[in-house]
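Worksheet: one structure, shown below.
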Number of protein chains: 4
Amino acid sequence: MAGQGGSSAGGRGVVISDNWPGYSLDLFTYPQHYYGDLEYVLIPHGIIVDRTERLAKDIMQDIGDNDIVVLCVLKGGYKFCADLVEHIKNLSRNSERFISMKVDFVRLKSYHNDQSMQDMQIIGGDDLSKLTGKPQGCSQSGWESQSFPQAPNSCIQLSTQQCPWGTAHHRAVADDIVGTGRTMKVLLNNIEKYKPKMIKVASLLVKRTSRPDGYRPDYYGFEIPDLFVVGYALDYNEHFRDLNHICVINDHGKTKYRV
Amino acid sequence: MAGQGGSSAGGRGVVISDNWPGYSLDLFTYPQHYYGDLEYVLIPHGIIVDRTERLAKDIMQDIGDNDIVVLCVLKGGYKFCADLVEHIKNLSRNSERFISMKVDFVRLKSYHNDQSMQDMQIIGGDDLSKLTGKPQGCSQSGWESQSFPQAPNSCIQLSTQQCPWGTAHHRAVADDIVGTGRTMKVLLNNIEKYKPKMIKVASLLVKRTSRPDGYRPDYYGFEIPDLFVVGYALDYNEHFRDLNHICVINDHGKTKYRV
Amino acid sequence: MAGQGGSSAGGRGVVISDNWPGYSLDLFTYPQHYYGDLEYVLIPHGIIVDRTERLAKDIMQDIGDNDIVVLCVLKGGYKFCADLVEHIKNLSRNSERFISMKVDFVRLKSYHNDQSMQDMQIIGGDDLSKLTGKPQGCSQSGWESQSFPQAPNSCIQLSTQQCPWGTAHHRAVADDIVGTGRTMKVLLNNIEKYKPKMIKVASLLVKRTSRPDGYRPDYYGFEIPDLFVVGYALDYNEHFRDLNHICVINDHGKTKYRV
Amino acid sequence: MAGQGGSSAGGRGVVISDNWPGYSLDLFTYPQHYYGDLEYVLIPHGIIVDRTERLAKDIMQDIGDNDIVVLCVLKGGYKFCADLVEHIKNLSRNSERFISMKVDFVRLKSYHNDQSMQDMQIIGGDDLSKLTGKPQGCSQSGWESQSFPQAPNSCIQLSTQQCPWGTAHHRAVADDIVGTGRTMKVLLNNIEKYKPKMIKVASLLVKRTSRPDGYRPDYYGFEIPDLFVVGYALDYNEHFRDLNHICVINDHGKTKYRV
């Protein structure tokens, strides 16, 4: 019954309502070179830490005694993934549990004007790159990937019987943001060919968009309005990755870092 | 213009409005022995960390190149004070600044039925205990000190010319909560006898009470409604100090830990 | 068979041998105002963190399902105690364990020329101050308490049937340093009058002195040579508490901060 | 004059001598599933944290007011890189400095039997993958890459005038380990084609090998003996990435995780 910004915290994530005004920037510290470029703090860094700790606990409970492979979706998911992995390590180190964990990285890219996502390029991820067969040149991630929300960066949990990384592993994909979920579906389709025992997707953010397509990750940190957000490894044309908090960019920032 | 819970974040702290519903407890981790005792999370631990980092930066900027003595008001202020000191140490370690810092501890206690606070006992704080001359027995801190909000636990920044700890130091008192501020005023009166160069009070929380008496600390983290809060070293009859987040206790919890 | 500085890591702590040269100061960061005052880093901050995490795990295992009261011995023990408590909270928050924890503070002081310790003053610690009945004026802690090592600052774990804080609690005393252990014995004698169920003493450091008197805490982080060490809340005339690492002071530092 | 394990801490890193016995495993916490697989702790996690904080400070000082691009060499360098980036962000957030930072990822792979490294594959790294033109299939990283030390995982700092990521950036490559440095040289050759303004390589570890080839990174955390080490993202056949400390694997561990 209690949520953030006056709305309810339903299901499995913190729900940030559309009328949530955020936090004034001068309540926290942030890099000087972004002074004037941001509207407000949507999610302060520390609450991401707290929420991720709980996600790690939930994931570990669901996984049982199976091994886990965390697949980090670069670049936007690297911070969420690194922190999720740290929390899982902390649980593993301080418990009687017996869960080994591997980490891998994958990179998803898409053409700006191609919403069908069929030309998505997956690079990295040990043998995962063999899955797509389309290693063409690809565009920069950035603003456009937010205007047409495509969840370009992720981190999933999956489990596989015949999997590229070995056998019968559970896998976790740590994702930074899910818009329509179209990109994530392409990735999952590729992974599912390998008959994983279990696949779970953890996404830090889920955006409420006008074009929902039914996809929702198994775990997520926050459900947010359809805003352009930066920080905590989320970028606008490669900027703002070095910002701790998740913030809403302002017009000055958009103009300054446009390419 | 941006605040928490729909209200504005005015002045120098995060303002949590009266209609802020808080966060559902199952969004975060917290100790099993408090399951069922809490209503909701008012302030997640990580936001406290972020906000305290900014307070440390503000304090350091105002202090200039003067030495600092941090006076931690036990017991409720020990966590806030410890974290504030860590942030200041971090600033000191990584900057070109040249600010030495000392740490001291003081304990304020008051009789339940004595709202005049004149019998406040100060124990600890090197020679500070000499200031009061009234080392009588004293009551437990806890629930009552919240019903009659008296800021029993604090952490101040002061500066003194003839001070018990030396001379001409700037002092910071890290406080966990300020209600009417009556107790803090007694402490400050005692300190001011020593003609400090500068005294600044930093309080994690400021409560909006029906009996405001004009006192407001120089720095504070959050302005909160007049609620019974526990966690982050704030206790109810010595319980809940081992809770990370600042939470609102429920009726079950009140009954369970009543003494 | 593996230890630090070429010696063996026996029993329950890291053994730092007499010929351990330490780490050069320019390998780490530390506050500018201590440049020139230190000889070398004896124990970097991060190893203290790692070792304390293990101590917390060991303590929790030994405690079983009993409640715990951590008694922090000010001032030198506050950092060790705060960190130990954080690690225990982390264990509690992320496990199925059901262990409540309270925190209290005590302050031990002793006369310079009185090695019998019978005039030790205990201040703070709720009703613990009633235990001694000798609230006389007392000297500053500092250099002398190291020359005549008396473990002035600690953090113990005890358990009591009729105890000042309640009943049947296990107690942990977090101590920063143990020399001869004489002061700790006086404290423990006072506590034991209350017939605790279990008392355990955790000390960050144990010094190898020429006058061993048989006392050894139940848990300790590091066994170190008989050196004057500062940092991590350990002071020399109230200085160096704001230093992260445990370092050996040099002659310049001794002269500069002599009182 | 002071170093670790009795040797001197020369130049710009902690020198761990050949006769350093390490720390007994039971002094720290580590995941249960590695019990029995490790010989000892070579470098506890916390000292890596401390050392990396200093490296971040040194790098920031040398960079001046130029922008920085951190290039993380996957997979082994991801933890070092993530932590280095966090320390730099901390410096940026809390100082008056005005240094923007971008992050990119690169992956180096080499054939087992090809010590010439000419067939090295670079995947990821925005347009960096265009540099090599040899996106052939590649072998697993792991044990062999240690037997024939090739620094497969890194994180560099460079600066470029015509660079793939933009222009005139300073770049930092965070590397986990440098053996002969041959792989790093290939990477640097590829980067230098783009006439960077400045390139700096930061490596967590430098191994003393019998086949030195003169390469030494600009910054490094620790110089270690020629041992098989795992942990802190360093793997043996993808295992041990979830181990906090840098440890030496034992025969049992080698057999258990051999592929």
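Atom set for the values below is all heavy atoms of this structure, side chains included, hydrogens, waters and symmetry mates excluded. Note on naming: letters A, B, ... go to the chains in the order of the sequence lines (proteins, then strands), and numbering restarts at 1 for each one.
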Minimum heavy-atom distance between [X] and [Y], given as atom pair plus value:
X	Y	value
C:Ser100	B:His33	CA-NE2, 3.4 Å
C:Arg241	B:Lys89	O-NZ, 4.2 Å
C:Lys79	B:Glu86	CE-OE2, 2.9 Å

Contacting region of C:Asn94 [heavy-atom separation from chain B under 4.5 Å]: side chain
Interchain contact, C:Val103 with chain B, by part (heavy-atom threshold 4.5 Å): both
Aromatic centroids of B:Phe105 and C:Tyr78 separated by under 6.0 Å: yes
Rounded distance [0.5 Å steps], CD in C:Glu238 versus CG in B:Asp104: 6.5 Å
